[in-house]
Amino acid sequence: MIDPRLLRETPDRVRASLAKRGLSDEVVDRALAADTERRDAIATFEAKRGEQKQLGKLIPKATGEEKAELLARTKTLAADVKAAEAAQNAAEETWQSAIRELPNMTHPDVPDGGEDDSVVIETVGTPRDFAAEGFEPRDHIELGRILGAIDLERGAKVSGSRFYFLTGVGAELEFALINLAMEQAREAGFTQVIAPALVKPRAMEGTGFLGQAADDVYRIEGEDLYLVGTSEVAMAAYHSDEILDAASLPRRYAAFSPCFRKEAGSHGKDTKGIIRVHWFDKVEMFVYTTLDQAEAEHARLLAWEREFMDKLELAYQVVDIAAGDLGLSASRKFDLEAWIPTQGKYRELTSTSNCTDFQSRRLDIRTRDDEGATTPVATLNGTLTAVTRAIVAILETHQLPDGSVRVPRALQKWMGGREVLEPVIPVA
RNA sequence: GGAGGCGUCGCCUAGUCCGGUUUAUGGCGCCCGCCUGCUAAGCGGGUUGAGGAUAAAACCUCUCGCGAGUUCAAAUCUCGCCGCCUCCGCCA
């Protein structure tokens, strides 16, 4: 939720932000009208209520005819108060639903436009040249099969399409990635967290996932619970309804959780392999800080993501995501895209968003400023490792002609010291 | 899942049976001031959060876990829900 004052005082800035995202500004007028109506309704209710309280004080002291008269007056007043209160609540609700439709304000430097308008701001490393090395790279599906690392057939048998089993070195790779990520996080001062993957509607709504993204969210039948698509959801709601001590900021968490995504609307995309799956595990950085520190923290999150990418010895790009592709909550977002050899292109491996005070306003997370007044905090998130896509990039990038895969140095200590993963079945 | 108990402004707590000068009591902590070689003690004041109004205030409304109801009036009575604790049952 954006700052209501921003809407009230500078609606044109809000309109401009919507235009940048390619969205209609129709909501702005609706929200402004609702705001006016709401304030009128509040004034009406408070006037009635005040009158009622004044009269109510006189009643215990009054006697006889005077008392009877007071009771008669307050009785009709009580009905007015009730009606005014109902009107106020209705106006409040209209206003709330209007302002909650508004996405976050975009950062001024965010590129205009949609998905295709995102800007590559840096390219790190060079994609490996398999032609020069004289062999055709195998895709991660084939490598996963011959290493005994990924079992897609049984994943489909047991759970359906877009599911998988990680087996043998595949499972080991997941634990290694998680351990490496958590080690880095701990050294950077993060608090490690295992977060619940099932959350209440409040958490989903507060992080902005029940708006336009609702189609992609699993709901538990017969329960008021959702499966998270990222631990960002649980970690944002973690401090909901709290006033955080300013001295405790920034609070940095590194949360592990499984992530579940319906992938509605991505039929036909990445149908094979484990690039796009309904479930995967992830280590997510989540930070609460002050608004004035948010941008600097965003840069740090990006730096930590790059550090992790470097440890995996991958070639990647840093992408400044265009306004139309930011989602509801982010004011700015950077993706790290790693080179996937058999696809001949860079694919998103991690992502970091600055959600400024958008989520904290919805979830009521505040701190105290220098004057001691409460003020919303900023929330930011960034992926350290999304396991499945990391495995895809590692297998394909570090494969050798015989179907074995070199283990990046940083992962070796978590893989029993092995430098190379060997095929477990004969390679053609 | 069953039975019982409990949720009051950071923490502890009075008030709830018997509805109304309760603008919710007191203590601890914290903040400001006075006093004092310094510190402590002592004394005085302040200290939930949200919203409305305002140039800013004064001011007004809401807030006793949440919601609904009864009533002229609800921390207090009634109902539902949520959370915590104890016991029982079940179980990684």
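Below, chain A is the first sequence line, B the second, and so on; all start at residue 1.
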Within the pair A/K82 and B/U70, is there a side-chain N or O less than 4.0 Å away from OP1 or OP2? yes

From C-beta outward on A/I42, which listed nucleotide comes closest to its side chain: B/A73, B/G49, B/G51? B/G51

Residues at least two apart in sequence or cross-chain that pass ring-ring contact (aromatic ring centres under 6.0 Å, His included) with A/F256, listed by chain then number, are none

What's the CZ-C1' distance between A/R202 and B/C81, to the nearest Å? 17 Å

Comparing A/T74 with A/R366, nearest RNA chain B nucleotide closer to 5' gives the residue A/R366

For A/R276, check side-chain contact (heavy atoms from CB on, under 4.5 Å) against everything at least two apart and list the hits. A/R162, A/E263, A/S266, A/K269, A/D270, A/R347, A/R389

What's the gap between B/U21 and B/A73 when it is taken at their C1' atoms, as a whole Å value? 14 Å

Using the test side-chain contact (heavy atoms from CB on, under 4.5 Å), find all partners of A/R186 that sit at least two apart in sequence or belong to another chain. A/E183, A/Q192

For B/C72 and A/Q52 - does any side-chain N or O of the residue sit under 4.0 Å from the phosphate oxygens OP1/OP2? no

Rounded distance in Å between the C1' positions of B/G67 and B/U54: 34 Å

Scan nucleotides 53-68 of chain B nucleotide by nucleotide, 5' to 3', and note B when protein non-hydrogen atoms come under 4.0 Å of the base, S if they reach only the sugar-phosphate, - if neither. S------BBS------

Got A/N354 and A/H107 here, is their nearest side-chain heavy-atom distance under 4.5 Å? no

Between B/A50 atom C1' and A/D241 atom CG, what is the distance in whole Å? 12 Å

Taking atom types as modelled, is there a side-chain donor on A/D325 or A/S118 under 3.5 Å from an acceptor on the other? no

Euclidean distance, atom NZ of residue A/K75 to atom P of B/U71 [Å, nearest integer]: 7 Å

Identified stems (criterion: three or more consecutive Watson-Crick or G-U pairs, under 3.5 Å), RNA chain B: B:1-7 with B:82-88, B:10-12 with B:26-28, B:29-34 with B:42-47, B:49-52 with B:59-62, B:65-69 with B:77-81

Please report the distance separating the C1' of B/C12 from the corresponding atom of B/A24, rounded so that it comes out in whole Å. 16 Å

All side-chain contact (heavy atoms from CB on, under 4.5 Å) counterparts of A/R39, not counting sequence neighbours: A/R8, A/D35

Salt bridge present between A/D245 and A/R251 (N-O < 4.0 angstrom): no

What is the distance, rounded to the nearest whole Å, between atom CD of A/E93 and atom P of B/G51? 18 Å

In whole angstroms, how far is the C1' atom of B/A50 from the CD1 atom of A/I365? 17 Å

Pairs satisfying side chain to side chain donor-acceptor pair (under 3.5 Å), at least one member in residues 169-181 of chain A, at least two apart: A/E172-A/R418

Side-chain donor-acceptor contact under 3.5 Å, A/T342 with A/E396: yes

Taking the C1' atom in each of B/G52 and B/U39, what is the distance between them to the nearest angstrom? 47 Å

List the atom pairs, with distances to 0.1 Å, where a side-chain N or O of residues 378-385 of chain A and a protein N or O form a donor-acceptor pair under 3.5 Å, not counting sequence neighbours.
{"unit_1": "A/T379", "atom_1": "OG1", "unit_2": "A/Q359", "atom_2": "OE1", "d": "2.8"}
{"unit_1": "A/N381", "atom_1": "ND2", "unit_2": "A/E232", "atom_2": "OE2", "d": "3.3"}
{"unit_1": "A/T383", "atom_1": "OG1", "unit_2": "A/S351", "atom_2": "N", "d": "3.2"}
{"unit_1": "A/T383", "atom_1": "OG1", "unit_2": "A/S351", "atom_2": "O", "d": "3.2"}

Atom C1', compared across B/G26 and B/U13: separation rounded to whole Å: 7 Å

Specify the separation, in whole Å, of atom CZ of A/R361 and atom C1' of B/G51. 14 Å

Does A/A78 reach a base, just sugar-phosphate, or nothing at all? Heavy atoms under 4.0 Å. sugar-phosphate

note: A/L363, atom CG; B/A50, atom P; distance rounded to Å ~ 16 Å

On a whole-Å scale, what distance lies between the P atoms belonging to B/C32 and B/G19? 45 Å

Please give the distance between the P atoms of B/U76 and B/G69 as a whole number of Å. 14 Å

Sequence neighbours left out, what passes ring-ring contact (aromatic ring centres under 6.0 Å, His included) with A/F175? Give chain and number order. none

Would you mind classifying the nucleic acid contact of A/K200 as base, sugar-phosphate or nothing, using non-hydrogen atoms under 4.0 angstrom? nothing

In whole angstrom, give the distance that lies between atom CG of A/L77 and atom P of B/U71. 16 Å

Between B/C30 and B/U22 - C1' atom distance, rounded Å: 25 Å

